[in-house]
Amino acid sequence: MLVFINQHQPDTCIVLDTYRDLLDQQDTIRFGWRVSTKLDLYRIRQLTRQFYDNCEFAVRYEEGLSVLYKVLQQEHYPYKYYYQTVYEQHIKKYTTTKGCMTRL
């Protein structure tokens, strides 16, 4: 799980879930946005919906206050996936400022 946090607006972030399930044949990823202002929310909603509507394989679209809540809670990591063996997903957080990125 990759989380990119805006250093100047800590409530604003982009989340990428790059875990590839063993049964996933389309190499799908999950991503989400959390924004801190209504103006940003309006723009992000438009762009995200447009992006989703133009995907070749549009699987699922969700909006809401709680969509990223569980994903961003540090105590859920490492998250374990059980198949014939155990896989762990870790959370990696980065802060960003004007093109620079720092791992937390």
Side-chain angles (χ1 to χ4, degrees):
M1 185 72 60
L2 304 173
V3 181
F4 300 92
I5 302 165
N6 183 322
Q7 181 180 10
H8 302 293
Q9 295 175 314
D11 291 336
T12 299
C13 66
I14 298 171
V15 180
L16 299 170
D17 182 352
T18 58
Y19 173 74
R20 182 176 178 215
D21 191 281
L22 294 174
L23 304 175
D24 180 5
Q25 297 178 7
Q26 294 180 339
D27 292 336
T28 57
I29 65 165
R30 293 186 321 159
F31 72 93
W33 315 88
R34 186 173 68 182
V35 294
S36 57
T37 68
K38 288 188 179 195
L39 180 59
D40 290 337
L41 176 61
Y42 178 73
R43 288 182 190 155
I44 292 295
R45 284 176 110 177
Q46 283 184 316
L47 291 171
T48 304
R49 188 66 215 201
Q50 184 179 8
F51 177 76
Y52 176 80
D53 290 340
N54 289 296
C55 285
E56 183 178 357
F57 300 106
V59 178
R60 187 166 115 191
Y61 181 85
E62 282 184 273
E63 285 186 16
L65 296 173
S66 63
V67 175
L68 294 177
Y69 178 75
K70 184 177 177 183
V71 170
L72 292 173
Q73 290 183 346
Q74 189 77 34
E75 62 269 11
H76 288 112
Y77 296 92
Y79 185 81
K80 294 183 183 343
Y81 294 91
Y82 297 93
Y83 291 103
Q84 293 175 346
T85 187
V86 177
Y87 298 91
E88 287 187 348
Q89 181 182 36
H90 296 269
I91 189 167
K92 296 177 184 175
K93 293 185 177 182
Y94 301 87
T95 58
T96 60
T97 59
K98 295 187 181 183
C100 297
M101 187 171 26
T102 307
R103 182 153 183 204
L104 297 175

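This one's a predicted model, so the numbers in the text were calculated from it and none came from an experiment. Just the heavy atoms: all of them, side chains too, but no hydrogens, waters or symmetry mates, feed the values below.
- In plain terms, the two heavy atoms of Met1 and Gln89 that are nearest each other are N-NE2, 3.6 Å.
- Separation of atoms CD (Gln7) and OG1 (Thr12) is listed at 13.0 Å; rounding is to 0.5 Å.
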Query raised in the report: Given the rule in the side-chain contact (heavy atoms from CB on, under 4.5 Å) test, do Val15 and Trp33 qualify, once you have shown the distances and angles that lead to the verdict?
Result: CA-CA 6 Å; Val15 180; Trp33 315 88; over 6 Å; no

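- One hydrophobic cluster, built from ILVMFWY side chains closer than 4.5 Å, cannot hold both Leu47 and Tyr42; they sit in different ones.
- Distance check: Tyr79 OH to His90 NE2 gives 14.0 Å after rounding to the nearest 0.5 Å.
- The environment of Glu56 atom CD is sparse: at most 12 non-hydrogen atoms of other residues, nucleotides or ligands sit within 6.0 angstrom.
- Hydrophobic clustering, with ILVMFWY side chains joined whenever heavy atoms are under 4.5 angstrom apart, groups Val71 together with Tyr87.
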Query - Residues Leu72, Cys13; criterion side-chain contact (heavy atoms from CB on, under 4.5 Å); working and verdict - result: CA-CA 10 Å; Leu72 292 173; Cys13 66; 4.2 Å; yes

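- The number of heavy atoms from other shown groups lying within 6.0 Å of CZ (Phe51) does not exceed 12.
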Requested in this report: Evaluate the side-chain contact (heavy atoms from CB on, under 4.5 Å) criterion for residues Val3 and Ile91: first the C-alpha distance (whole Å), next the side-chain angles of each, then the deciding distance (0.1 Å), finally the verdict.
Outcome: CA-CA 7 Å; Val3 181; Ile91 189 167; 3.9 Å; yes

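- The distance between the ring centers of Phe31 and Phe4 does not fall below 6.0 angstrom.
- Annotation for Tyr77: atom OH counts as buried by contact number, over 12 foreign heavy atoms lying within 6.0 Å.
- Although no hydrogens or angles enter the test, the distance criterion places no donor-acceptor pair under 3.5 Å between the side chain of Arg30 and the main chain of Thr18.
- Contact detail for Arg34 and Pro10: the closest heavy-atom pair is NH2-O, 3.7 Å.
- A donor and an acceptor atom, one from each side chain of Glu63 and Tyr61, are located under 3.5 Å apart.
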Query - Chi angles and distances behind the side-chain contact (heavy atoms from CB on, under 4.5 Å) call for Ile5, Lys93 - result: CA-CA 7 Å; Ile5 302 165; Lys93 293 185 177 182; 4.3 Å; yes

